[in-house]
Amino acid sequence: MTSTIDPKTIGKPQHPRRHVRTLTGYLPETDASGKEKWPKGEEKVWKAGMRGLDKDVPDITKSFVNHVQTSLARQPYNLDELGAYQAAALSVRDNLLVNWNETQLNYTRKTPKRAYYLSLEFLMGRTLDNALLNLGLKDQYNDGVQQLGFNMEDILEKERDAALGNGGLGRLAACYLDSSASQELPVWGYGLRYQYGIFQQLISPEGNQLEAPDPWLEHQNPWELPRLDVSYEVRFYGHSERGNDGRAVWTGGQEVLAIAYDVMIPGYGTKTTNNLRLWESKPKRGFDLNSFNAGNYEGAVESSNSAAAITSVLYPNDHTLKQQYFWTAASLADILRRFKNTGKPITEFPDYAAIQLNDTHPTLAIPELMRILLDEEELSWNQAWQIVTNTFFYTNHTVLPEALEKWPVPLVEHVLPRHLQIIYDIVTVEKKFPGDRDRLGRMSLIEEGFPKQVRMAHLACIGSRKVNGVAELHSDLVKTTILKDFVEFEGVSKFGNVTNGVTPRRWLDQCNPQLSDLITKTLKIDKGVWLKDFTKLEGLLQFTEDKEFREKWAAVKQSNKERLAKYVQSTLGFTVRTDAMFDVQIKRLHEYKRQTLNILGVIHRYLTLKNMSAAERKKANRKVVIFAGKAAPAYYIAKLTIRLIVNVARIINDDPETKEYLQLYFLPDYSVSLAEILIPASDISQHISTAGTEASGTSNMKFCINGGLLVGTVDGANIEIAEEVGESNVFFFGHLTPAVEDLRYQHTYHPIPIEQKCPALAHVLNEVSAGRFGDGHVYEPLLNTVRQGDYYLLTDDFDSYIASLAMVDEAYLDRDEWIKKSIRTTAKMGKFSSDRAILEYAESYWNLEQTPVPSS
Ligand code: Z16
């Protein structure tokens, strides 16, 4: 492919600035010299006639009906619930837009330093309820739709989740956006507008996971604003020609357009409404006219299809190189254009923009900014590097070596020839350790091998101002394992920790309204206050001895169990008993998370119950065990674990001897919205990763906030949760991180037969093999991961796991004491609000200031 485009226009806006005018009567006024005169004090640009917020019920019903008639082109006398949802959403969107416009204008005028959160995943879930909560219009809209004959709860259910993420990392990004806006911080998110989010999970009759597409944009999405005028060109392939001055000219290849879609992010109890900008890819021209005229229609649409394909789907484990570059290039171009509008010199860029790299996915932003500064801004290498290393911040989310991103050098060379040159030019390390070949090899951006590979974590580390992990233990592991050499090279102060947090709005007030009400009534503090100063929950401690309060607390949990049971009954047709302890493990399926340990533990419990006399069983703790989670479609062992869970459930739930005491469910198609029903209903949840493998975990925080207790390993944020709530309120088990390496060494060089090492577990495995839960052969590959090698140390931790579950049973049977534990846990979870986390980023990393929107 050849191109006639001037390389300097790459990344430049596609449309010249348009001539704009002020609507007559809608000032700002201008003075004699034509300068805008902003009214003093209050920056009130709005003149009479500007739209304000809908504040009362008549405004709301009017706007609702207006949207039914105009936006939806429907009649008010035959509206279904989906239509009602859409009308309500469009009406709420109008309100969000009022605040969004004011917020953006405020930022433009005050030009504060801004932070940009670059994440390939934003697991937003539903928006309507959150928008209403944050706008403070929940009651008004409830009444409004009620007056029109609808019920808000049913309307809310019509919304599809925006599931543009795989798991914790994507949901964390969504919580951080909520907290940024709530804390009035000038933060924008940048991501991709996938046409298909994370796949829909179905379970086949055999118990296998099947994947179906998630066409979440099937109905129009009221929460996004297409910005067809905000677009940038992005180039792939072609060739890069270096001049003698170190600059290069990159030409040819494929040119693709990035189109912006904006999603409004309202803060809680504030006007601040930030932006999440998602990019969609589009062919630069509709199709190739030459091929079309030559009669090659398929050839003509091929290149346009390949352009559109870039953002068509979220990949269920790894993203593609083209997605990563497309997104980082468009985002950087947009950030630079906004900076250039301030008129400041490029050397001041880091004073106005901080860019947070969410994992290594956006690391190409580092060579991309170098390319722009060198080849377009014509800065020297040192000037450019100085800017780059003061702009980026890198968060690592895993130390598992197999999860660290690497891209084959030949692929990078093909897709991004100029960036590969720049990556090869970044060899800052060699000057400091001349001759230390081993160290230089370990630290190199390029890993030797066939093919050679670019180590993205090393590039992200070298190119960033600061590097952080997501919980204390994890941040220590980052420093002592994967980036150890870099700590010695650059000094330890570059490496930090920001323990993750979750938004109390969605993960307490929205998902558990009864608990939220009880807390507000008990603390006698407005929820607008404690939802933003989450440490206020500590005030609950003084009520642990209040019997009446404990009963109310327990009644809320019970009612949440019933809500869950009702949901399972209506969606899956299963009858879940609610007079039992609810034990929940919900997360992506992965060997390191050890769902296998849990299901083998369930089988052990079942076999134990079977061996009891009826009289003994009567004394047993009744338990409902619930799993949910998706496996990567190509992750064979993880899928086999799902199959085992489903088939064990069939046997157990059908066994008349035991079914009163033990029920087991695998709930398909785990999502943010399903988590919102499951978490408040849980008595105990499982966070049982092999020590040192779970960077943080964030659902652990959500369960505890909702008064659920944890059974877990000494790993990730479990440790800090225990520090806060007290170790007596957490059920810890298993080996500690420092032991893991030695244990694995023993597995390899001095294996002990499982019958000898862990007879209880051997017995469980044998029962599965023998066909007690359907054809045993099917499960051999899964069972063998435990019998041989046992990389995730199930044989080492099984006995202590079972012992800790026994302690859970014992503790639960003391109802009163259990409820006290539950209250104490919630009370001490203040640290884990994402408001605290985002303020740490803003203060210690980005140097951002809170920038409230003046009230009008
Ligand atoms: C992800 O969700 C996480 C790490 C990672 O490398 C990739 C993805 Cl998609 C998770 C961690 O596993 C989890 O421990 C952590 O709480 C979460 O990221 C947010 O930091």
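Each ligand, and each atom within it, is numbered from 1 in the order the structure gives. Computed from heavy atoms alone, side chains included, the values below leave out hydrogens, waters and symmetry copies. Values in this document were obtained by computation on a predicted structure and should not be read as measured data.
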Legend entry - cation_pi(Arg442, Phe486) dist<6.0 Å, angle<=45: no
Legend entry - Contact list for residues 453-471, test salt bridge (Lys or Arg N to Asp or Glu O under 4.0 Å), sequence neighbours left out: Glu447-Arg455
Legend entry - Electrostatic pair Arg505-Asp835, nearest N-O below 4.0 angstrom: yes
Legend entry - Sidechain N-carboxylate O distance under 4.0 Å for Arg160, Asp214: yes
Legend entry - Proximity of Tyr670 and Phe627 rings by center, below 6.0 Å: no
Inset, instruction - Flag the pair Asp669 and Lys630 as a salt bridge only when some basic side-chain nitrogen lies within less than 4.0 angstrom of an acidic carboxylate oxygen. - result: yes
For ligand 1, list all ligand N or O to protein N or O distances below 3.5 Å, rounded to 0.1 Å.
unit_1	atom_1	unit_2	atom_2	d
ligand 1	2 (O)	Gly168	N	3.3
ligand 1	2 (O)	Leu169	N	2.8
ligand 1	6 (O)	Asp359	OD2	3.3
ligand 1	12 (O)	Tyr592	OH	3.1
ligand 1	12 (O)	Glu694	OE1	3.0
ligand 1	14 (O)	Glu694	OE1	2.6
ligand 1	14 (O)	Ala695	N	3.3
ligand 1	14 (O)	Ser696	N	3.0
ligand 1	14 (O)	Gly697	N	3.1
ligand 1	16 (O)	Gly697	N	2.8
ligand 1	20 (O)	His397	ND1	2.7
ligand 1	20 (O)	Asn500	OD1	2.8

